[in-house]
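Below you'll find the structure, written out as structure tokens, and then a few comments.
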Amino acid sequence: MSSSVHQCCRVGFTLPLWTGGVYTNPVRQIISAAKDHHRLDGVNLLSLRLAYALAGFLDHTGEVLPVVLVPVPSTKEAVRTRGLDFTLELTKKASIHLGRIGVDTRVAPVLSHTRSTMDQGNLTTAARFANLHESLQASRFPLEGNVMITDDVVTTGASLTEAYRALDQAGYQVVGASTIAATQLRSSPPQGPLS
């Protein structure tokens, strides 16, 4: 599973966004196996890809460490079904990988859901943003360092945009986001690795 770390963009999300590659097989299969079929060995593999994306962001931006990683939370229903908060586990493991090479990151799961939302799978872009608007809140804790949002896959950017809104409203300094993979939008030009 090779990683082609690159910067990508989504309409409405104005902060730097780095991803571990395009959402295609085998990454899609590994994510599905880990999330839907309890193949937790895939979480460790996918966390390496997230660590690469985080490292790409930090290298490109020169962000001062430590950086606080805030995962987009899974819904309560998803946690019950899977037995874990998928993005939180990915983020914890990615932070451990980075720590082994001296990159100082901390994980702070300060986001939580304020209401139920529909499954995003069959929604249009506009409906995804409407579905998630004001669905998250951020607890206020003193965090040492700037914040990066983490998520598994970015499609339209609705989840990242909502996470940023909640964190910004709570007074956190958010510097960007990283994901395992990004879907290739029809209107987006092909994106390759950045040097």
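The model shown is predicted, which means the values in this text are computed figures rather than measured ones. In what follows, residues are counted from 1 in the order of the sequence shown.
Between Leu17 and Gln7, the closest side-chain pair of non-hydrogen atoms is not below 4.5 Å. Between Val67 and Asp104, every side-chain heavy-atom pair lies at or beyond the 4.5 Å cut-off. In this structure the side chain of Tyr172 reaches within 4.5 angstrom of the side chain of Phe141, judged on heavy atoms. Using a 4.5 Å heavy-atom threshold, the side chains of Gln137 and His113 count as separate. Under the 4.5 Å side-chain criterion, counting only non-hydrogen atoms from C-beta, Lys35 is in contact with Asp152. Annotation: side chain of Val5 is not in contact with side chain of Thr19 (no heavy-atom distance under 4.5 Å). Contact annotation: the side chain of Arg49 approaches that of Val27 to within less than 4.5 Å [non-hydrogen atoms, C-beta and beyond]. Counting heavy atoms from C-beta outward, Val175 and Thr61 have side chains that stay 4.5 Å or more apart.
With hydrophobic clusters built from ILVMFWY side chains whose heavy atoms lie under 4.5 angstrom apart, Leu40 shares a cluster with Ile31. Note on Trp18 and Leu65: same hydrophobic cluster, where clusters join Ile, Leu, Val, Met, Phe, Trp and Tyr whose side-chain heavy atoms are under 4.5 Å apart, directly or indirectly.
Inspection of the Asp151 and Thr179 side chains reveals no N or O donor paired with an N or O acceptor under 3.5 Å.
One distance of note links CG of Leu15 with CD1 of Ile149; it measures 7.0 Å at 0.5 Å rounding. For the atom pair CG (Leu46) and CZ (Arg39), the distance works out to 11.5 Å, reported to the nearest 0.5 Å. Here CZ of Arg106 is found 16.0 Å from OG1 of Thr91. Values are rounded to the nearest 0.5 Å. With rounding to the nearest 0.5 angstrom, the CD atom of Glu63 is 12.0 Å from the CG atom of Leu54. Rounded to the nearest 0.5 Å, atoms NZ (Lys92) and CD (Glu89) are 5.0 Å apart.
Taking both residues in full, the closest heavy atoms of Ser178 and Leu50 are given as O-CD1, 3.7 Å, listed atom of the first, atom of the second, then distance. Across every non-hydrogen atom of Ala108 and Val68, the tightest pair is CB-CG1, 3.6 Å. Minimum heavy-atom separation, Leu136 to Glu162: N-OE2, 3.0 Å. The minimum heavy-atom distance linking Pro71 with Pro109 is given by the pair CD-CA, 4.2 Å. Closest heavy-atom contact between Val43 and Leu90: O-CD2, 3.5 Å. Scanning both residues, Leu160 and Phe13, for their nearest heavy atoms gives O-CE1, 3.5 Å.
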**Q.** Full working for side chain to side chain contact (heavy atoms under 4.5 Å, CB included) between Val110 and Leu167
**A.** CA-CA 9 Å; Val110 298; Leu167 290 163; 3.7 Å; yes
Q) Given the rule in the side chain to side chain contact (heavy atoms under 4.5 Å, CB included) test, do Leu45 and Asp41 qualify, once you have shown the distances and angles that lead to the verdict? A) CA-CA 7 Å; Leu45 187 60; Asp41 51 338; over 6 Å; no
Q: Go through the steps for Val174 and Met148 under the test side chain to side chain contact (heavy atoms under 4.5 Å, CB included), then give the verdict.
A: CA-CA 6 Å; Val174 185; Met148 278 191 69; over 6 Å; no
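For the side-chain hydrogen bond (donor to acceptor under 3.5 Å, both in side chains) with Ser74, the lone residue among Thr87, Asp85, Thr81 that qualifies is Asp85.
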Only distances under 3.5 Å count here; give the side-chain donor-acceptor pairs of residues 94-102 to other protein atoms, sequence neighbours excluded, each with its distance to 0.1 Å.
residue, atom, partner, partner atom, Å
Ser95, OG, Thr105, O, 3.2
Ser95, OG, Thr105, OG1, 2.8
His97, NE2, Ser47, OG, 3.0

